Amino acid sequence: MTTIATWNVNSLNVRMPHLQQWLQSAQPDIVALQETKLDDPKFPDDVLASLGYRSVFCGQKTYNGVAILSRKPFTAECITAVPGLEDEQKRVIAATVGDLRIVDLYVVNGQAVGSEKYAYKLRWLEAVREWLRAELQAHPNLVVLGDFNIAPDDRDVHDPAIWNADSIHSSTGERAALQSLLALGLHDAFRLKNDGGGHFSWWDYRMGAFRRGLGLRIDLILVSDALKSRVAACTIDREPRTWERPSDHAPVVLELTDPYP
DNA sequence: ATGGTGGTGATACCA
């Protein structure tokens, strides 16, 4: 079995103790991180190495920043930008581990429907789609995971009246953009194993949202056609969200059976 | 009804 996780840590500086504790208890093979908020020289790759994880990372100060951790060696140079997209923001990293291609995304938040940041979100997702089209051609065993900042459908929001067609994270345009990624031949791994609503990966820090169960499922793991039959489980680990000074996101964990033979 | 919380870093900005 291979365990692959995604977690928006909202500052790796602050969350390093949480990450260490979680790595030790969950024992994932591969972890995609978002919002590390660290310049590359400050990335704690030595500490992670002492815990048994190699890392590749692409960060900046204060905002954004992504990384992939792996117990097994990376077997190709990593990519840290969307080909052909002009973008200062460090939001993507792709790496290869064994027979798996891993693409880690920190999708643009988008602020509000109709804003400039919303337009940037949709433009960015279009460029990512064209990149993923090429990645799929080159790497049939593709996992695309991260903070998508999009709740795929109404089961993925606590209140569809609040999170509606005009709200950021659930708008018609964002959901269409996500569907066009899936149309490349990708599958929302969580939905391969769970049908119901009320499963969330993010809760606002404000108004006791976590305690009251008011969340969204916006952290996703997508798998290619070739990997679909290897998905054994996909779960959201809410426990780290209960810890003191938590990230506002919970880790999402995919379990893949090993290829036969 | 606005502000409610948190990270960064020193003041607003982003989420």
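Every value quoted in this text rests on a predicted model; they were computed, and no experiment measured them. So you know, we letter chains A, B, ... as the sequences are listed, proteins then strands, and number each from 1.
Between R175(A) and D156(A) there is no salt bridge, since no side-chain N of the basic residue sits under 4.0 Å from a carboxylate O of the acidic one. Electrostatic pairing of K193(A) and D188(A) does not count as a salt bridge here, judged by no charged N lying under 4.0 Å from a carboxylate O. Between E130(A) and R133(A), at least one side-chain nitrogen of the basic residue sits less than 4.0 Å from a carboxylate oxygen of the acidic one, meeting the salt-bridge criterion. One finds a salt bridge joining R230(A) and D99(A) here, because a Lys/Arg side-chain nitrogen approaches an Asp/Glu carboxylate oxygen to under 4.0 Å.
Rounded to a whole Å, the CD atom of E116(A) is 18 Å from the C1' atom of dA15(B). Distance L38(A) CG to dG7(B) C1': 12 Å, rounded to the nearest Å. In this structure, CG of L12(A) is placed 16 Å from C1' of dG6(B), rounded to the nearest angstrom. What separates CD of Q60(A) from P of dG9(B) is a distance of 11 Å, to the nearest Å. One atom, NE2 of H249(A), and another, C1' of dG6(B), lie 12 Å apart when rounded to the nearest Å. Rounding to whole angstrom units, NZ of residue K42(A) and P of dT8(B) are separated by 11 Å. Rounded to whole Å, atom C1' of dG7(B) lies 14 Å from atom CG of D204(A). Look at CG on N10(A): it is 8 Å from C1' on dA15(B), rounded to the nearest Å.
Contact annotation for Y106(A): backbone-only contact, meaning every heavy-atom pair under 4.0 Å involves sugar-phosphate atoms and none involves a base.
Here the nucleotide nearest the side chain of E35(A), chosen from dT8(B), dA15(B), dG6(B), is dA15(B). When each of dC13(B), dT5(B), dG3(B) is scored by its nearest atom to the side-chain atoms of R206(A), the top-ranked nucleotide is dT5(B). When each of dG3(B), dT8(B), dC13(B) is scored by its nearest atom to the side-chain atoms of K37(A), the top-ranked nucleotide is dT8(B). Of all nucleotides listed (dG4(B), dA15(B), dG7(B)), dA15(B) comes nearest to the side chain of N109(A). Taking only side-chain atoms of T62(A), from C-beta outward, the nucleotide of dG3(B), dT8(B), dG7(B) with the closest atom is dT8(B). In the set dT5(B), dG3(B), dT8(B), the nucleotide with an atom closest to the side chain of Y205(A) is dT5(B).
With a 3.5 Å limit on both pairing distances and Watson-Crick or G-U wobble geometry required, the stems of 3 or more pairs in DNA chain B span B:5-8 with B:12-15.
Across dC14(B) and dG9(B), the matching P atoms stand 15 Å from one another, rounded to whole Å. Of the C1' atoms belonging to dG3(B) and dA15(B), the separation is 15 Å, rounded to the nearest Å. A gap of 14 Å separates the C1' atoms of dT11(B) and dG7(B), to the nearest Å. The separation of dA1(B) from dC13(B), taken at their P atoms, amounts to 27 Å, rounded to a whole angstrom.
Residue K61(A) places none of its side-chain N or O atoms closer than 4.0 Å to OP1 or OP2 of dT8(B). Side-chain nitrogen and oxygen atoms of R245(A) include at least one within less than 4.0 Å of the OP1 or OP2 phosphate oxygen of dG7(B).
In this structure, the side chains of V223(A) and L192(A) come closer than 4.5 Å at one or more pairs of heavy atoms.
Each of M207(A) and N149(A) was matched to the nucleotide of DNA chain B holding its nearest heavy atom; the match closer to the 5' end belongs to M207(A). Along DNA chain B, the nucleotide closest to N8(A) and the one closest to V14(A) are compared, and the more 5′ of them pairs with V14(A).
Note on ring orientation: taking the six-membered ring where Trp is involved, the planes of H158(A) and W163(A) are perpendicular (angle over 60°, cut-offs 30° and 60°).
Aromatic ring centres of W243(A) and H18(A) lie closer together than 6.0 Å.
Summarising the local packing, CZ of R71(A) is surrounded by more than 12 heavy atoms from other residues, nucleotides or ligands at distances under 6.0 Å.
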